[in-house]
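All ligand and atom numbering here is 1-based and tracks the order in the structure. If you're wondering where the values come from, they're calculated on a predicted model, not measured in any experiment.
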Amino acid sequence: MKKTWYREGVVYQIYPRSFNDSNGDGIGDIPGIIEKIPYLKTLGIDIVWLSPVYASPNDDNGYDISDYRAINPEYGTMADMDHLIEELHEAGIRLIMDLVVNHTSDEHAWFQKAIAGDKTYQDYYYFKDKKRNWMSLFGGKAWTYQKDIDQYYLHLFSKKQPDLNWNNEQVRKEVKDIIRFWLDKGVDGFRCDVINLIGKKDNCPNGRFWHIPRGREHYINHPKTHQYLQELRDEVFSDYDCFTVGETVFTSPKEALEYVDEDIRELDMVFQFDHMGADNHFVKWFLKPFKPINLKRPLSKWQRVLADRGWNTLYLENHDQPRSISRFGSELMRKKSGKMLATMLYFQRGTPFIYQGQEIGMINADFDDIDDYEDIETHNIYKLGRKLLMSHKRMMSKIKHMSRDHARTPMQWDKTKYVGFSDKKPWIKVPTNQKEINVKDSLNDSDSILTYYRKIIILRNKYPVIVYGDYRDLKFGQENLYAYERRLKDISVTVICNFSDKPLATDLLNRYMDQTVILSNYPDQGDHEALRPYEARVYLNEPA
Ligand code: ISL
Ligand code: CA
């Protein structure tokens with residue numbers, strides 16, 4: 001594998017609305033991010049991924065863009081943005097932006113011109129005389145009637161997010177210009193939102209009845225998507241030292257290779273979703289109890305299939321996912337399980353992604369009232385569930401596990417009223433179940449999750465085997481155990497994790513008696529018979 005900065009670097013995702021409010025209006029902003037650059041340095045990350053800050057009516061918190069070359073005034077000005085790029089670079093941190101080009105906002109000038117009757121712009125979107133039976137990824141219908149021009153249009157997400165017609169060469173040219181605009185400003189790459197959905201089957205036929213979401217066979221990983229991405233690579237990305245990470249929903253590792261194989265390089269890496277199904281039946285609202293094997297199996301599979309030809313992303317959280325400790329660890333053993341999850345994940349082969357708040361061990365919010373939730377998806381699903389005669393209680397329990405808002409509550413900087421995020425009431429409620437979880441206390445605590453994350457990053461920078469080594473599962477069949485080895489020439493690193501709140505005996509430990517423990521979430525090395533609850537150990541073996 002070629003050595004590159006985006007394989008070696010650690011990425012930190014910032015959700016600007018919830019990160020830090022600098023001017024007391026209750027909404028996070030760009031100057032607020034600049035204030036926290038010293039914190040990012042302390043943490044030790046190399047790259048920031050910034051969720052959308054573009055002009056947007058905020059139907060989907062910025063994932064509905066009305067102007068790709070303007071900054072949402074809630075977040076600041078273009079001068080602030082330039083300043084952010086400069087200050088980050090000054091601090092040795094790169095910046096990637098979110099590129100949301102499967103769809104625009106319905107308030108984008110292109111869509112506005114389209115519905116005013118301009119045929120040129122109607123061809124920027126999918127307008128049809130007859131509706132199709134496709135379902136939106138947010139629940140509900142994906143084709144909505146537009147009365148001004150008496151046509152239906154496609155929106156795979158909310159009806160304020162019409163899909164762009166990538167068949168249209170002019171649309172592709174617009175997107176290329178937007179990408180160049182930002183790369184010329186100095187940004188270092190993009191996280192490409194639902195990029196595997198941009199190609200659609202000609203004429204958008206009705207979908208098979210039983211597919212969820214219905215219509216998906218006509219747009220997920222369509223061959224045209226590969227054509228479009230190759231075009232972007234050849235004509236734009238290849239001119240810059242930048243990297244792209246694609247968000248690819250409903251994609252197998254084999255299909256992912258068609259994007260990220262080193263020889264193809266349409267994208268540099270992708271976010272996969274298989275492991276996000278560890279506590280649900282494929283669709284996140286159909287919950288099932290979490291079993292470690294359902295996390296281990298997909299993660300290991302992606303390690304295996306991408307091994308020599310591709311590169312993985314390592315993530316457990318982002319702005320769309322509930323908090324990982326609440327899902328896969330234990331809120332009761334928050335510190336132990338939070339550290340164990342980080343150990344399990346970040347020693348694998350791939351680029352680590354940390355989502356804001358994850359590094360201090362934030363957990364799901366304790367919101368009981370549907371009105372405490374802000375997310376459009378949460379409200380859509382609540383309405384849909386109620387329409388299908390599911391009880392209020394049942395819907396609220398789903399939402400309490402799975403709402404995207406669990407990741408969107410204000411970043412907890414200290415334990416003041418608004419957790420150091422703002423002086424005013426934040427745009428989204430501050431949970432009451434986690435005041436003691438905050439950056440200030442974590443920084444002063446050698447046993448904090450934050451301190452542990454800093455150690456992981458330091459180790460990763462020190463030992464190339466953690467970045468580039470091969471991956472091999474150990475004792476795959478043992479329940480509640482996740483163990484693997486990384487190897488680069490004659491150096492190896494072995495990770496052994498207990499996923500349960502009980503001691504876990506394993507003969508595996510005997511094999512490592514002579515090796516050095518370079519990281520552990522317990523104060524002492526423990527014995528060679530059993531792991532303690534949620535224990536994680538990392539062994540190093542290097543020639544003398
Ligand atoms: O969050 C999801 C389900 O709860 C996912 O299906 C999500 O919609 C999917 O991963 C696509 O996500 C991306 O595009 C969406 C946006 O709402 C998400 O925030 C973004 O990450 C539409 O732009
Ligand atoms: Ca603000």
message: Restricting to non-hydrogen atoms, name the atom on Met362 and the atom on Pro410 that form the minimum distance, rounded to 0.1 Å.
response: CE-O, 3.6 Å
task: Name the orientation class of the two ring planes belonging to Tyr315 and Phe271 (parallel below 30°, tilted from 30 to 60°, perpendicular beyond 60°).
output: perpendicular
query: With no hydrogens and no angle check, is any side-chain donor or acceptor of Lys424 less than 3.5 Å from a backbone partner on Gly24?
result: yes
task: For the residue pair Glu35 and Asn20, confirm or rule out a side-chain donor-acceptor distance under 3.5 Å.
output: yes
task: Anything with a heavy atom under 4.0 Å from ligand 1 counts, so go ahead and list those protein residues by chain and number.
output: Asp60, Tyr63, His103, Phe138, Phe157, Gln161, Arg191, Asp193, Val194, Glu247, Val249, Phe273, Lys284, His319, Asp320, Glu377, Arg404, Arg408
- request: For the pair His108 and Tyr68, name the ring-plane relationship: parallel under 30°, tilted 30 to 60°, perpendicular over 60°.
  value: tilted
message: Hydrogens and angles aside, do Ser56 and Asp64 bring a side-chain donor and acceptor to less than 3.5 Å of each other?
response: yes
statement: Sorted by chain and number, protein N/O/S atoms nearer to the Ca ion (ligand 2) than 3.0 Å are Asp21 OD1, Asn23 OD1, Asp25 OD1, Ile27 O, Asp29 OD2
query: Using a distance-only test with no angle check, is there a side-chain donor-acceptor pair under 3.5 angstrom linking Asn438 and Trp413?
result: no
- request: Give me the ring orientation class for Tyr63 and His319: parallel if the planes are under 30° apart, tilted from 30 to 60°, perpendicular past 60°.
  value: parallel
message: Can you tell whether the side chains of Lys400 and Asp405 come within less than 4.0 Å, N to carboxylate O?
response: no
